[in-house]
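Only heavy atoms go into these numbers, but all of them, side chains included; no hydrogens, no water, no symmetry mates. Sequence lines set the chain letters: A, B, ... in the order given, protein chains first and strands last, and positions in each chain run from 1. Here the structure is a predicted model, which is why all the values come from computation and not from measurement.
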Amino acid sequence: MAQIGYSEKVLEHFTNPRNVGTIENPDGYGKVGNPVCGDLMEIFIRVKDDIIKDVKFRTFGCGSAIATSSMVTELAKGKHVDEAMKINRNDVADELDGLPPRKMHCSNLASDALHEAIKDYKGKKKVSRRMNK
Amino acid sequence: MRNIYLDHASSMPIDPRILDFAEPFLKSGFGNPSSLHSMGLESKRIIEDAREKVAELINAEDGGYIIFTSGATESNNLAIKGTALRNIKKGKKVATSAIDHISVINSMKELLKSGFELKIIPVDSMGIVDTGKLNDILTKDTTVTSIMYANNEIGTIEPIKEIGEVVHEKGLYLHVDATAAAGRIPIDVQSDGIDLLTLSSNDIYGPQGAGALYIKPGVKLQPILLGGGQERGLRSGTEDLFAILGMGEASRIIKKEMNKESERLREIRDKLINEILKIEEAYLTGHPTRRLPNHASFRFSGIEGESILLNMDMKYHIQVSTGSACTSKTLEPSHVLLAIGLKHEDAHGSMVLTLGKSNNIGEIPLIIRAVKETVERLRKLSPI
């Protein structure tokens, strides 16, 4: 049977999202989406020795936008940044027991936001290495 | 926790009195109204009785000017395509407001394929049709102009009588979609100058699966469903007797109780509006006074409507509606909210409350608390 509405897991993450908030002076910051389209999310990461020690998010958007943000923070926490870079939209959707088809693209940007945050972290690391030399 | 249903514009429960009324007919079984035997004649009588009751709801001249359809979407399709195509020699232009129902807009878009021209009449920021623009846009060859009596998403009531005067001076026929308005405010097709009017059974506590189209004497249209020639040849197909007799009885009951019920709901509506507008950056959508008595609609900045809907439902067992893109099949925000001038990002944060019989004044504090907490929670989650 085709999926009707959201899975229990999506609704659970929507109702009790994990890791909501911001990190001051984060090691990496990523922001994707656009309020005009109805989805905007930002992810903050704290990294030590290339391991994501802490991650927070804030999201404007629909139920799946909030649930995927929450899920991606759970998946990323404790991972090496290179491993976390491999988390993709399908992984997030699978972990949530699936998303309705029309939500797969528009409201599943959380992994993109995570990737942006990791890229930001790597960029900063390069700069600081150069400065140390 | 008790459920509070605030989405009556989407679907209404059937009035239990209609079930009582229908029960003996359902148990004894229906003949085909086209059959000449006694069982068929009894069914025919049931339909004619329902026609009279629907006619009375809108003060039509006679039940004979009402035809039954499967619902408002079919009535709108028949009124627009049937009338435009039948009168094609008089002109190939049709017009509608920017906030009319999608079944009206899409019926008109379909006519573009037959060489018609479609004119969209703008509305102001409260959703009122600009009659000056209407006057400028309509021409003698505009055969069908369709304007809704009241809007289902923002509750605004249109100046139909004034619109009718312009249409009859400049164009040909006025079709009015009264799905949201019927049973909420008095409708008089004769004094309002309406040529065709759409009604929906389920929007007046009747069963789903029935609608009606009022056709003023003398208005010519062609059918879009062909077959055995039921409903004066304008809508073939064996009649849905349960839905039709239910719609008739629903019309009778709602007409009788409208004034009192609308007064009751208006009081609840006004209290809800007053309290919800106290929330920071909460705005009313639609007209503050020219508004359906059961309708309260808002937008909140910085949050998104589907999240509002989910949060109200899951945490408070309150069912609401939204014009957000995220709940629509097209992923576009409501055309109504864009037409009243909202930016995309503002249109996403809408919430529509439509009241009905099950609601009472005692629910107000629960609703207010739920809305306040929902907005607060989602704003905390939001980076905007």
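Formation of a donor-acceptor pair under 3.5 Å by the B:Arg377 side chain with backbone atoms of B:Val375 is not found in this model. In this structure, A:Thr68 contributes its side chain and A:Ser64 its backbone to a donor-acceptor pair below 3.5 Å.
Chain B forms more heavy-atom pairs under 4.5 Å with one residue of A:Thr59, A:Val20, A:Asn34 than with any other, namely A:Thr59. The candidate with the highest count of non-hydrogen atom pairs below 4.5 Å against chain B, out of A:Thr15, A:Thr22, A:Leu40, is A:Thr15.
Residue contact with chain A, scored on non-hydrogen atoms closer than 4.5 Å, involves the backbone and the side chain of B:Leu310 alike.
Within a 6.0 Å sphere centred on NZ of A:Lys56, heavy atoms belonging to other residues, nucleotides or ligands number more than 12.
Remark: B:Arg269 fails to qualify as a cation-pi partner of B:Phe298 under the 6.0 Å distance and 45° angle criteria applied to the six-membered ring.
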